[in-house]
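Because the structure is predicted, anything quoted here is derived from the model rather than measured. The residues of the chain are indexed from 1 along the displayed sequence.
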Amino acid sequence: MLIIFTILITTTSCSFNTIVPDKHSRVDLTNKEWYRFTEHNEIGYVNCDDGVNGLELWVFDDENELKLLKDINPNGNSDPLVLSEHLDSYLLFMATDDIGMGLWSTDGTESGTRLLKHLEIVEYGYGGKLHSYKSPITRLQDKLYIKAKDEKGSFALWSTDGTPEGTKLAVDLDFLEINNVINLQSLNDKIIFASEEKSWNASLWASDGTTSGTHKLLSDEIWGQLQEEPIYFNIYLSMIYFVINDSNNYNLWISDGTIENTYPYNRDSDSLKLNRLKPLGILNNNLFFEASPIGERNYQLWLSDGTKEKTRFLKEITPGGSSQLDKFYRNEPFIEKLFFMSDTYEDSVSLWCTDGTTKGTVRLTPPELNNIQFYRCIIEGSTMYIAASTEEYGEELWFSDGTPEGTRMVKETIDGVEEGGLWFEGDMLDGKILFAVENDGFAEHTLWATDGTEDGTYEFHRELDDLHSPIYTKRIGDYLYFNEQSNNDNRRFWRTDFTDEGTAIIMPEGATNIVQIEHGFYLEIVLLGDYVYFFADYYGKGKSLYRISSREIVKE
């Protein structure tokens, strides 16, 4: 199968540039399932259906041409489900052959794609990848451990090195009378997981990958004094943090994965009452989290490096009042300062920032702020954009550089207080972002750009004045890529560097059904070599694979 791509750049009679990808490829992707890109060892994989072989895993070859990796299920769909953890030499995925579901590995070649064992994942995934809050897989050194059932229905942790002979039963959970494994993770040379036992008790376990080497981190004597409820834990900075209920008092516990170093923080005096454990983020090798004194609703800011000596109260956020703290989405990986939000329960919220010191933990926003959309934000380094509201202006875009004097409403973009809103998510480019302004309920949006200053905030493009959906941006190289959905439900694909000459719609000539395929609000695009690859339906005949150059636009 040969897929030929050409890249042409033209300027239309409109005021924007056009990048013209190749016509739709010879692969007619008519199936309506998810199309998800995965990269491993510089090889690109994608779930797709060519209308002949069913839903299978496809691969980009050395020339970055798409080909069927292996027809695993000639009689139907194999429904490949790529695991979120990989091995150095192999990509692992679940797929269904003519016998049933199994664990497979591949090195990107048909001959190197092999069935490891027929197993059934206990928590299934979605969108072509395995994801679950219960974390049914983890990697430990050169092996992958997966919670699954075999053909006989036996429940166990299985280990694999990516080969059939190296795929074995590791921990017999039925033998240990464990009813379910929750939050499977790895720490140093151990596997850590919480459990629901067949006796309905909850425990925290550590394992070396064998049944005999799997044990509880707390003795039965201690467990007997505790209330029976699930254990929720998080691993940060090579330490386990969890909260358990000891005689109706919630206590913070810390562990390095060994029994001798599993201990409560201050259990016998001035115990902390916690809302389980709500991590706010990591900064300078410290975990920041919220905690509350017993009987109070005022959540304080605490930090820990994993030792009792350096687990300490940092600052009371709302003295004399009641509040809770929330982390922001996308707080990492560009973190230089930790941003968090304080909600006082009386419809008063504030934006805070900390550098890990009491003096450097400061409130950034003025008192008149009454709402913060903490899931609508973009953070990079010590720069933050967020949607926030005041009684005077309603919801507007706010900017912060991590200082009170550098935190401000950017510009009034919406007339009135009641109507309108802001929509944005994704990446920055050189400190700038794109955001959609909702002008009339959900009927109309306009696209804006900003560098965080009032003078540098403007309606971005007059050709993009009929938006209907939120904007999600993805940075690749020197460009932001984004989707635009208009009120007639057409979706178009763009990229920009915030200049007129560098802003272009990605659309082939003669397209009659201008639709760019997206995964929810997220762009399913991938960079392979010097090209950006994506799936789109431009002609109303099914999804096809396209590519454009990731380099500078060259005018014709």
Side-chain angles (χ1 to χ4, degrees), residues 135 183 185-188 190 192 204 217 231-244 250-258 261-267 269-293 296 298-319 323-343 350-364 374 377 379-384 386 400-404 406-407:
S135 301
N183 199 7
Q185 297 192 47
S186 59
L187 173 63
N188 301 324
K190 294 181 176 62
I192 308 296
L204 188 64
L217 286 177
I231 300 297
Y232 299 88
F233 73 92
N234 300 86
I235 295 179
Y236 293 100
L237 305 171
S238 298
M239 295 296 292
I240 308 167
Y241 297 82
F242 61 101
V243 175
I244 56 180
Y250 289 83
N251 281 271
L252 171 66
W253 286 65
I254 303 172
S255 174
D256 66 357
T258 65
N261 286 320
T262 299
Y263 48 82
Y265 174 80
N266 225 11
R267 181 182 181 186
S269 62
D270 297 326
S271 177
L272 291 176
K273 182 177 182 180
L274 304 180
N275 183 17
R276 294 176 180 164
L277 176 63
K278 184 187 286 186
L280 300 176
I282 294 175
L283 180 67
N284 298 330
N285 293 320
N286 282 298
L287 170 69
F288 291 77
F289 61 94
E290 66 170 19
S292 174
E296 297 186 15
N298 179 25
Y299 286 90
Q300 304 168 341
L301 183 64
W302 285 64
L303 60 81
S304 174
D305 68 351
T307 66
K308 284 196 292 186
E309 294 75 21
K310 294 186 178 180
T311 299
R312 61 184 178 88
F313 162 78
L314 183 61
K315 189 165 186 173
E316 189 168 4
I317 302 303
T318 53
S323 68
Q324 66 176 358
L325 311 182
D326 273 309
K327 62 182 291 186
F328 287 101
Y329 293 100
R330 297 184 60 80
N331 229 351
E332 299 163 308
F334 306 108
I335 191 167
E336 293 176 6
K337 292 184 177 182
L338 182 68
F339 292 92
F340 62 96
M341 180 181 75
S342 173
D343 186 342
S350 53
L351 175 66
W352 289 71
C353 185
T354 182
D355 61 4
T357 67
T358 301
K359 183 178 179 180
T361 302
V362 294
R363 176 174 175 156
L364 301 176
F374 73 101
C377 68
I379 303 174
E380 185 171 322
S382 58
T383 300
M384 180 184 200
I386 190 167
S400 179
D401 62 2
T403 65
T407 301

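Taking CG of L301 as the start and OG1 of T361 as the end, the distance is 5.5 Å to the nearest 0.5 Å. Annotation: the span from L217 atom CG to F233 atom CZ amounts to 9.5 Å, rounded to 0.5 Å. We find the OH-OG1 distance between Y241 and T311 to be 5.5 Å, quoted to the nearest 0.5 Å. I317 contributes atom CD1, which lies 4.0 Å from atom CZ of F340 (distance to the nearest 0.5 angstrom). To the nearest 0.5 Å, the span separating SG on C353 from CZ on R363 amounts to 14.0 Å. Separation of atoms CG (L351) and CZ (F374) is listed at 13.0 Å; rounding is to 0.5 Å.
By the side-chain hydrogen bond (donor to acceptor under 3.5 Å, both in side chains) test, N234 pairs with no residue at all, sequence neighbours left out. Under the side chain to side chain contact (heavy atoms under 4.5 Å, CB included) criterion, S186 pairs with T138, L140, not counting sequence neighbours. Partners of D256 by side-chain hydrogen bond (donor to acceptor under 3.5 Å, both in side chains), not counting sequence neighbours, listed by chain and number: T258, N261. Residues passing the side chain to side chain contact (heavy atoms under 4.5 Å, CB included) test with D305, sequence neighbours excluded: N286, T307, K310. Partners of S342 by side-chain hydrogen bond (donor to acceptor under 3.5 Å, both in side chains), not counting sequence neighbours: none found. In this structure, T383 has no side-chain hydrogen bond (donor to acceptor under 3.5 Å, both in side chains) partners at least two apart in sequence or on a different chain.
Pairing each heavy atom of F313 with each of Q300, the nearest pair is CD1-OE1, 3.3 Å. Closest of all the heavy-atom pairs between G257 and I192 is CA-CD1, 4.3 Å. Across L187 and M239, no two heavy atoms sit closer than the pair CD1-N, 4.1 Å. Nearest heavy-atom pair, Q324 versus E290, reported as atom, atom and distance to 0.1 Å: C-OE1, 3.9 Å. Across every non-hydrogen atom of D401 and K337, the tightest pair is O-NZ, 4.4 Å. The shortest non-hydrogen separation linking G306 to I254 is O-CG2, 3.3 Å.
No side-chain heavy atom of L338 sits less than 4.5 Å from a side-chain heavy atom of K327. Residues F339 and L364 form a side-chain contact, since some pair of their non-hydrogen atoms from C-beta on lies under 4.5 Å apart. Taking 4.5 Å as the limit, some side-chain heavy atom of T358 sits within range of a side-chain heavy atom of L314. Side-chain contact between L287 and P279 is present, with heavy atoms from C-beta onward closer than 4.5 Å.
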Apply the test side-chain hydrogen bond (donor to acceptor under 3.5 Å, both in side chains) to residues W352 and S350: give CA-CA distance (whole Å), side-chain angles for both, the deciding distance (0.1 Å), then the verdict. CA-CA 6 Å; W352 289 71; S350 53; 2.7 Å; yes
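For S255 and W253, the side-chain atoms include no donor-acceptor pair closer than 3.5 Å.
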